[in-house]
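All remarks here apply to the structure that follows.
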Amino acid sequence: MRQFGAMKNIVILISGGGSNMAAIVRTAAAENWKERYGARVAAVVSNKADAGGLQFARDHGIAAESLDHKAFADRESFDAALAARIDGYEPALVVLAGFMRILTPGFVARYERRLVNIHPSLLPAFPGLRTHQRAIDAGCKFAGATVHRVTQELDVGPILDQAVVPVLPGDTAQDLAARVLVQEHRIYPAVVRALISAR
């Protein structure tokens, strides 16, 4: 096991471009979390080797690893291998940032109270996928994003923060997604900062 002293390590899991991960990394650098809170983004791990966010992590001096879920027989064996990678960094916090995998109960239990996610709706409304189109189809006047603790049930853990955006006349799902993403990039780093500064 690698030793990182008293440093509070954050491990971020991604599946794609990792824009929320990048927002957290940039905020950590701008606010000097290492000096102020003894915290750093130690690693970024993806279930896809071609995830764009891995290169961003490498460019910022962060360990970047991939673990192909297709190489495993089932969710349990993939999650066990993923946990072994994560545990190598002794994480204070595991942050899901567009990680498109449903995690097994064993994995969630292993990181209880250390596992957070961001979801592009105002939970408890619209858990799951296609959140923006569903909000438009339902005639919602407002949509947004939710940062929550991860529990055994999908998208229902305790809410840590939310951001609200208006649904405008004529909005497409893409229009709404872009407006929500701006707020995601604001609230997710703020929640991660609050969690690591309180530890």
Side-chain angles (χ1 to χ4, degrees), residues 1-4 7-25 39-58 62-121 123-132 134 145-161 184 188-189 191-192 195-196 198-199:
M1 189 72 85
R2 280 167 284 189
Q3 294 300 316
F4 295 109
M7 186 65 67
K8 290 178 277 196
N9 288 312
I10 301 161
V11 176
I12 304 180
L13 307 186
I14 64 170
S15 291
S19 72
N20 272 304
M21 172 272 295
I24 292 166
V25 168
R40 64 169 188 165
V41 178
V44 173
V45 183
S46 178
N47 62 312
K48 297 184 177 179
D50 61 352
L54 292 173
Q55 190 57 51
F56 176 92
R58 291 185 191 108
I62 297 165
E65 302 185 31
S66 64
L67 190 66
D68 183 2
H69 62 274
K70 294 180 188 148
F72 294 84
D74 51 37
R75 285 186 192 279
E76 285 74 18
S77 51
F78 171 73
D79 279 10
L82 179 62
R85 293 277 183 100
I86 293 168
D87 288 350
Y89 297 98
E90 299 177 10
L93 203 61
V94 178
V95 175
L96 306 180
F99 188 64
M100 303 306 288
R101 300 281 302 160
I102 293 174
L103 297 163
T104 55
F107 185 95
V108 173
R110 185 187 194 102
Y111 300 107
E112 188 176 7
R113 297 195 59 78
R114 290 186 290 158
L115 189 60
V116 294
N117 183 43
I118 192 159
H119 183 77
S121 79
L123 292 174
F126 310 119
L129 301 175
R130 294 183 59 254
T131 57
H132 306 299
R134 287 159 63 201
T146 304
V147 182
H148 64 96
R149 291 195 187 277
V150 178
T151 57
Q152 307 285 354
E153 210 176 327
L154 187 66
D155 296 334
V156 297
I159 291 170
L160 298 171
D161 199 5
E184 290 182 36
Y188 212 3
V191 169
V192 173
L195 291 171
I196 54 105
R199 279 191 172 272

Over all atoms of both residues, closest heavy-atom pair of [X] and [Y]:
X	Y	result
Ala97	Ile12	CB-CG2, 3.8 Å
Leu96	Leu13	CD2-CD1, 3.6 Å
Gly16	Ala51	O-CB, 3.5 Å
Phe56	Met21	CD2-SD, 3.7 Å
Arg113	Arg149	O-NH1, 3.0 Å
Leu54	Lys48	CD1-O, 3.7 Å

Does the [X] side chain pair with the main chain of [Y], one donor and one acceptor, at a distance under 3.5 Å?
X	Y	answer
Arg114	Pro91	yes
Arg85	Ser66	yes
Thr146	Ser121	yes
His119	Phe126	yes
Tyr111	Val150	no

Answer whether the closest heavy-atom distance between the side chains of [X] and [Y] falls below 4.5 Å.
X	Y	result
Leu129	Met100	yes
Tyr188	Val116	yes
Arg40	Asn9	yes
Val156	Thr151	yes
Leu154	Pro127	no

What is the distance from atom [atom1] of [X] to atom [atom2] of [Y], rounded to the nearest 0.5 Å?
X	Y	atom1	atom2	answer
Asp161	Glu184	CG	CD	12.0 Å
Leu82	Thr104	CG	OG1	9.0 Å
Asp79	Leu103	CG	CG	5.5 Å
Ser46	Arg101	OG	CZ	11.0 Å
Leu93	Leu195	CG	CG	5.5 Å
Glu153	Asp155	CD	CG	9.5 Å

Practice task
Applying side chain to side chain contact (heavy atoms under 4.5 Å, CB included), run through Ile86 and Arg110 and close with a yes or a no.
Solution key: CA-CA 11 Å; Ile86 293 168; Arg110 185 187 194 102; over 6 Å; no
Practice task
For the pair Phe99 and Phe78, name the ring-plane relationship: parallel under 30°, tilted 30 to 60°, perpendicular over 60°.
Solution key: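 Judged by the thresholds at 30° and 60°, the geometry between Phe99 and Phe78 is parallel.
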